[in-house]
Amino acid sequence: QVQVVESGGGLVQAGGSLRLSCTASGVTFDNYAMGWFRQAPGKEREAVSCISWGGSNRYYADSVKGRFTISRGNAKNTLYLQMDSLNVEDTAMYYCAVERPSVGVVILCPTDSGYWGQGTQVTVSS
């Protein structure tokens, strides 16, 4: 049973920083893509940032480029999202997801078929 657990959310003032952490367990991690997603009230879920298994490919949503940094820990099953210069538009529930694609398939961001955590709330006050 794969478990994905996020932590690090909270309340922060605009301009501040937060670091989200994600730990996945229950499988031997090999060739997994990992990513951060968020969903604000009344809005659709969006991919914030994703990283390929080897770390060489990264995706950032336009709205977070230059402010957020995704990274993997030395243990391949850990994922971080450093969020700087936060603004009120970043307020959302943040989810971590992991997925191992089928053989021959290349993905950067996990899909609905992956494993998802329960989320951690990020609230940015003005």
K.L.:
Take atom CD of Gln121 as the centre, draw a 6.0 Å sphere, and report whether it contains more than 12 heavy atoms from other residues, nucleotides or ligands.
P.N.:
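Check passes, neighbour count above 12.
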K.L.:
Hey, could you give me the OH/CD distance between Tyr95 and Gln39, rounded to the nearest 0.5 Å?
P.N.:
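Output value for this atom pair is 6.0 Å.
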K.L.:
Regarding Ser17 and Arg67, is there a side-chain donor-to-acceptor distance under 3.5 Å anywhere?
P.N.:
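Arg67 and Ser17 do not have a side-chain donor-acceptor pair below 3.5 Å.
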K.L.:
Are side-chain N/O atoms of Glu99 and Thr111 paired as donor and acceptor at under 3.5 Å?
P.N.:
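A pair is found: one side chain offers a donor N or O, the other an acceptor, under 3.5 Å apart.
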K.L.:
I want to check something: taking the side chain as every heavy atom from C-beta on, are Thr23 and Asn77 in contact at a cut-off of under 4.5 Å?
P.N.:
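Answer yes - side chains close enough.
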K.L.:
Using 30° and 60° as the class boundaries, would you call the ring planes of Tyr94 and Phe68 parallel, tilted or perpendicular?
P.N.:
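Ring orientation of Tyr94 relative to Phe68: tilted.
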K.L.:
Is a side-chain N or O of Glu6 found less than 3.5 angstrom from the main chain of Cys22, in a donor-acceptor match?
P.N.:
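Pair absent, no side-chain N/O of Glu6 close to backbone of Cys22.
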K.L.:
So if you build clusters from Ile, Leu, Val, Met, Phe, Trp, Tyr with side-chain heavy-atom gaps below 4.5 Å, do Trp53 and Tyr60 land together?
P.N.:
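Same cluster.
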K.L.:
Give the minimum heavy-atom separation between Leu108 and Ser52, together with the two atoms involved.
P.N.:
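Nearest heavy atoms, Leu108 then Ser52: CD1-N, 3.5 Å.
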K.L.:
Should Leu81 and Val48 count as side-chain neighbours, where that means a heavy-atom distance under 4.5 Å?
P.N.:
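SC-SC contact between Leu81 and Val48 confirmed.
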K.L.:
Determine, using the 4.5 Å side-chain heavy-atom cutoff (strictly less than), whether Val12 and Val64 are members of one ILVMFWY cluster.
P.N.:
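Yes; Val64 is reachable from Val12 via cluster members.
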K.L.:
So, is the end of the Arg72 side chain (NZ or CZ) under 6.0 Å from the ring centre of Tyr80 and within 45° of the ring's axis?
P.N.:
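Arg72 over Tyr80 ring: no.
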